[in-house]
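Reading through the structure tokens given below for one structure.
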Amino acid sequence: MTKLSPFKYFKTSPEIIRLAVMLYVRFPLSLRNVEDLLHERGIDVSHETVRFWWNRFGPMFAAEIRRKRSEGMRSVSRWRWHLDEVFVKVNGKRHYLWRAIDHEGEVLESFVTKRRDKRAALKFLKKAMRRHGGPEEIVTDRLPSYRAAMRAVGCVDKQRTGRWANNRIENSHLPFRRRERAMLRFRRMRSLQMFAAVHSSVYNHFNQARSLSRRDHFKTNRAAALAEWRALLAA
């Protein structure tokens, strides 16, 4: 049985929809900024249309990216994780976005909670381990909730703390913070969770470690990532 294309009942071409979603998620742009950039290319759509495309296709693109990357990275050892949480305001109230990355900067998991206690840390840790397995080392700050959660899952001996040991994930927060400012905060916890998950997948897809590779290798990898994006959910 042939699988129906998710773009079947849309008058706009899939290339334009992919471009709009990529501009909104990858770069620190507002919906109206994306509308203006598309207008310069001769594409007349409103910012509400861009919002609809993002809500409809963003999670689908992210799921496709995660599926393809997981197939190619199952044999790769993620021997060190970095865990941290950031404060995010949702409709004026403080929430916590827990994030996990590996030693190469790949975003592994994002999880939103209302509290920053043992229960939230344990739920986040179990979710990350269920999807990615167990690491050999887990670098965190000195938040007591981490140690209590790791004691509950029996990996407290893997925890590492230090004054500058977690700088990798501290720098990894910056792209999300730039997007948060462009979006003028979030209004619902569910919206924050969805955007954090989609943003992490798109960030992983286009993150080519520019400073660690030669110019010709970077250009080749960047072109390959863009070509793969343009082929997402292709019929």
Side-chain angles (χ1 to χ4, degrees), residues 5-7 12-43 45 50 53-82 99-110 131-132 167-183 194-235:
S5 170
F7 306 101
T12 310
S13 67
E15 291 76 14
I16 294 176
I17 295 176
R18 292 192 193 98
L19 175 62
V21 175
M22 184 190 70
L23 290 174
Y24 181 64
V25 181
R26 184 183 177 191
F27 302 106
L29 301 172
S30 67
L31 293 168
R32 288 174 174 80
N33 292 149
V34 176
E35 177 188 353
D36 292 340
L37 288 175
L38 294 176
H39 177 72
E40 291 179 5
R41 290 168 168 81
I43 305 168
V45 296
V50 177
W53 288 346
W54 138 249
N55 286 324
R56 176 71 177 268
F57 293 101
M60 298 171 66
F61 292 156
E64 184 75 2
I65 291 173
R66 284 195 298 268
R67 184 185 65 81
K68 291 184 176 181
R69 292 182 72 85
S70 62
E71 291 176 356
M73 298 186 68
R74 284 172 183 167
S75 60
V76 179
S77 174
R78 296 187 177 92
W79 56 272
R80 180 191 294 159
W81 287 4
H82 296 260
R99 301 178 71 249
I101 67 171
D102 65 8
H103 58 283
E104 294 183 341
E106 186 92 1
V107 183
L108 303 177
E109 200 65 54
S110 301
R131 176 174 293 181
H132 303 284
N167 281 356
R168 177 173 286 277
I169 194 169
E170 294 289 351
N171 294 329
S172 176
H173 294 325
L174 299 179
F176 174 79
R177 285 302 197 189
R178 286 193 289 267
R179 290 300 297 116
E180 181 191 14
R181 287 193 294 270
M183 296 177 69
M194 184 180 74
F195 186 85
V198 175
H199 181 267
S200 63
S201 295
V202 176
Y203 175 81
N204 289 339
H205 182 74
F206 287 103
N207 182 24
Q208 304 299 329
R210 182 192 297 256
S211 61
L212 302 178
S213 59
R214 291 167 47 185
R215 178 65 180 173
D216 53 343
H217 291 168
F218 165 72
K219 291 172 66 175
T220 301
N221 294 335
R222 181 176 61 181
L226 188 58
E228 186 177 347
W229 175 269
R230 288 170 176 167
L232 287 177
L233 301 179

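The structure displayed is predicted, hence computed values, not measured ones.
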Item checked: Nearest atoms (heavy-atom pairs only) where G58 meets V21 -> CA-CG1, 4.2 Å

Item checked: Check: D216 main-chain N/O paired with T220 side-chain donor or acceptor under 3.5 Å -> yes

Notebook entry, point to check: Just wondering, do L232 and F57 contact through their side chains at under 4.5 Å, heavy atoms?
Noted result: no

Note to self: Contact between M194 and P59 at the side-chain level, heavy atoms closer than 4.5 Å - yes or no?
What the structure shows: yes

Notebook entry, point to check: L233 and E64: which non-hydrogen atoms are nearest, and at how many Å?
Noted result: CD2-OE1, 4.2 Å

Next item on the list: Report the distance from atom CD1 of I169 to atom CD1 of I101, rounding to the nearest 0.5 Å.
Entry: 5.0 Å

Checklist line | Reported CD-to-CG distance for the pair E106 and N204, which is rounded to 0.5 angstrom | finding: 3.5 Å

Item checked: Minimum heavy-atom distance R66-S201, with the two atoms named -> NH1-OG, 3.1 Å

Next item on the list: Check the side chains of S30 and N33 for a donor-acceptor pair under 3.5 angstrom, ignoring hydrogens and angles.
Entry: yes

Item checked: Heavy-atom closest pair, residues D102 and H82 -> O-CD2, 4.0 Å

Notebook entry, point to check: Side-chain contact, heavy-atom cut-off 4.5 Å: V50 with L38?
Noted result: yes

Margin query: Testing the basics here: between S200 and A197, what is the closest heavy-atom pair and its distance to 0.1 Å?
Written below: OG-O, 2.7 Å

Checklist line | Whether R99 side chain and V107 backbone form a donor-acceptor pair below 3.5 Å | finding: no

Check: Looking at R18, R56, E15, which one forms a side-chain contact (heavy atoms from CB on, under 4.5 Å) with F7?
Finding: R18

Margin query: Please verify the inter-ring angle class for H205 with W229; under 30° counts as parallel, over 60° as perpendicular, anything in between as tilted.
Written below: tilted

Check: Nearest heavy-atom pair of V34 and A20: which atoms, and what distance?
Finding: CG1-O, 3.9 Å

Notebook entry, point to check: Would the number of heavy atoms belonging to other residues, nucleotides or ligands and lying under 6.0 Å from CZ of R230 be above 12?
Noted result: no

Next item on the list: Before giving the answer on side chain to side chain contact (heavy atoms under 4.5 Å, CB included), spell out for R41 and L19 the whole-Å C-alpha distance, their side-chain angles and the decisive distance to 0.1 Å.
Entry: CA-CA 11 Å; R41 290 168 168 81; L19 175 62; 4.0 Å; yes

Next item on the list: Determine, step by step, whether L108 and R131 satisfy the side chain to side chain contact (heavy atoms under 4.5 Å, CB included) criterion, reporting the C-alpha distance in whole Å, the side-chain angles of both residues, the deciding distance to 0.1 Å, and the verdict.
Entry: CA-CA 9 Å; L108 303 177; R131 176 174 293 181; over 6 Å; no

Notebook entry, point to check: Has R179 got its NZ or CZ under 6.0 Å from the middle of the six-membered ring of Y24, at an angle within 45 degrees of the ring axis?
Noted result: yes

Note to self: Using a 3.5 Å distance criterion without hydrogens, assess whether the side chain of N221 forms a donor-acceptor pair with backbone atoms of H217.
What the structure shows: yes

Next item on the list: Any chance you could lay out the side chain to side chain contact (heavy atoms under 4.5 Å, CB included) test for E109 and W81, step after step, and finish with the verdict?
Entry: CA-CA 11 Å; E109 200 65 54; W81 287 4; over 6 Å; no

Checklist line | Stepwise side chain to side chain contact (heavy atoms under 4.5 Å, CB included) check, T12 with W53 | finding: CA-CA 10 Å; T12 310; W53 288 346; 3.5 Å; yes

Margin query: One thing to verify: whether E180 and R177 come together as a salt bridge, which I'm taking to mean a side-chain N less than 4.0 angstrom from a carboxylate O.
Written below: yes

